[in-house]
Amino acid sequence: MAEVTIKVNGAPVSRDVPDAMLLVEFLREELRLTGTHVGCDTSQCGACVVHLDGRAVKSCTTLAAQAYGAEVTTIEGLAAGEELHPMQRAFHENHGLQCGFCTPGMIMTGIDMVRRYRAAGQELDEAAIRHELEGNLCRCTGYHNIVKSIRQAAGEM
Ligand code: FES
Ligand code: FES
């Protein structure tokens with residue numbers, strides 16, 4: 001067993017869990033934060049993306065124990081009360097989703113790319129967004145409105 005003490009969406013949590021428990025299992029099964037999805041078992045779909053100390057990671061390939069001492073943000077932690085995060089609002093306004101299964105991962109990845117490009121002083125144009133979305137699969141939308149959503153949010157974050 002491993003002790004996992006982390007902050008999730010600003011709240012400290014501590015649990016003893018099996019050594020091999022994945023971060024996504026910790027979030028979904030221990031904390032019932034089911035907005036983080038599991039869409040594959042090959043680390044390809046990105047439905048499980050969360051932020052670990054502010055950086056996007058695939059929580060299906062991260063052990064819960066590896067997150068010891070870290071701050072984790074999930075899709076549930078983005079809104080400020082009733083007010084959606086600009087990335088959530090942009091997906092809503094641009095119809096950046098259909099079934100919504102990939103959406104939490106797309107939004108977490110989108111926020112991460114906007115922050116990284118801004119910090120590097122680089123332009124996050126359409127080509128860059130499409131390149132950055134390589135690790136996130138959507139079976140429904142054809143990506144057009146997802147890209148549009150991220151572009152809008154980049155101007156509002
Ligand atoms: S569930 Fe993590 S990449 Fe698919
Ligand atoms: S909206 Fe259905 S998988 Fe992306």
Side-chain angles (χ1 to χ4, degrees), residues 2 4 6-9 13 15 17-79 83-117 124-157:
V4 175
I6 54 179
K7 246 190 197 172
V8 180
N9 299 332
V13 292
R15 297 274 201 289
V17 299
D19 291 343
M21 178 174 267
L22 298 169
L23 181 57
V24 70
E25 294 170 334
F26 185 81
L27 295 170
R28 289 180 57 86
E29 293 163 24
E30 289 287 326
L31 306 183
R32 309 308 298 165
L33 292 171
T34 53
T36 302
H37 294 161
V38 178
C40 70
D41 55 11
T42 51
S43 190
Q44 283 179 317
C45 77
C48 62
V49 171
V50 299
H51 294 171
L52 185 63
D53 286 336
R55 217 167 30 87
V57 297
K58 288 183 172 174
S59 59
C60 73
T61 49
T62 307
L63 292 173
Q66 284 177 286
Y68 188 93
E71 294 211 17
V72 174
T73 306
T74 69
I75 190 76
E76 289 92 343
L78 292 184
E83 194 176 333
L84 294 177
H85 185 282
M87 189 65 74
Q88 292 175 303
R89 198 171 56 240
F91 270 71
H92 177 65
E93 290 174 359
N94 292 285
H95 307 289
L97 62 140
Q98 287 183 31
C99 79
F101 192 84
C102 69
T103 313
M106 290 287 182
I107 287 175
M108 300 312 281
T109 297
I111 293 169
D112 176 70
M113 76 175 80
V114 170
R115 284 183 187 153
R116 278 189 293 108
Y117 274 67
L124 185 61
D125 59 14
E126 181 174 339
I129 294 171
R130 288 184 181 274
H131 174 73
E132 288 287 335
L133 285 176
E134 236 173 35
N136 291 74
L137 303 180
C138 176
R139 295 181 64 168
C140 304
T141 69
Y143 298 92
H144 182 71
N145 287 354
I146 292 173
V147 173
K148 212 167 138 191
S149 303
I150 294 173
R151 290 198 78 174
Q152 177 181 312
E156 295 173 352
M157 279 172 58

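Numbering of ligands and ligand atoms starts at 1, following listing order. Note that the numbering runs from 1 along the sequence shown for the chain.
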Has Cys102 got an N/O/S atom less than 2.8 Å from atom 2 (Fe) of ligand 2?
no
Ala64 to Val17 - nearest heavy-atom pair and separation:
CB-CG2, 4.5 Å
Atom CZ of residue position Arg55 - does it have more than 12 heavy atoms of other residues, nucleotides or ligands inside 6.0 Å?
no
Suppose I only count heavy atoms of Val38 and a 4.0 Å limit; which atoms of ligand 1 are within that range?
1 (S)
Min side-chain heavy-atom separation Met106-Tyr143 under 4.5 Å
yes
Show the nearest heavy-atom pair for residues Val50 and Ser59, with the distance to one decimal.
CG2-CB, 4.0 Å
Give the residue and atom name of whichever protein heavy atom lies nearest to atom 3 (S) of ligand 2, and the separation in Å to one decimal.
Arg139 N, 3.3 Å
With a cut-off of 2.8 Å, does Cys45 put an N/O/S atom close enough to atom 4 (Fe) of ligand 1?
yes
Shortest non-hydrogen contact from Thr74 to Met108?
C-CE, 3.8 Å
State which residue, out of Leu31, Leu27, Leu33, fulfils the side-chain contact (heavy atoms from CB on, under 4.5 Å) condition with Asn9.
Leu33
Distance from atom 1 (S) of ligand 2 to nearest protein heavy atom, with residue and atom:
Gln98 N, 3.3 Å
Near Gly100, which atoms of ligand 2 are under 4.0 Å from a heavy atom of that residue?
1 (S), 2 (Fe)
Under 2.8 Å from atom 2 (Fe) of ligand 2 - does any N, O or S atom of Cys99 fall there?
yes
For Gly39, atoms of ligand 1 separated by under 4.0 Å from a heavy atom:
1 (S)
Within Cys48, is some N, O or S atom less than 2.8 Å away from atom 2 (Fe) of ligand 1?
yes
Over all heavy atoms of both residues, which pair between Asn94 and Gln152 is shortest? Give the atoms and the distance, please.
ND2-OE1, 2.9 Å
Contact check: Cys60 to atom 2 (Fe) of ligand 1, N/O/S below 2.8 Å:
yes
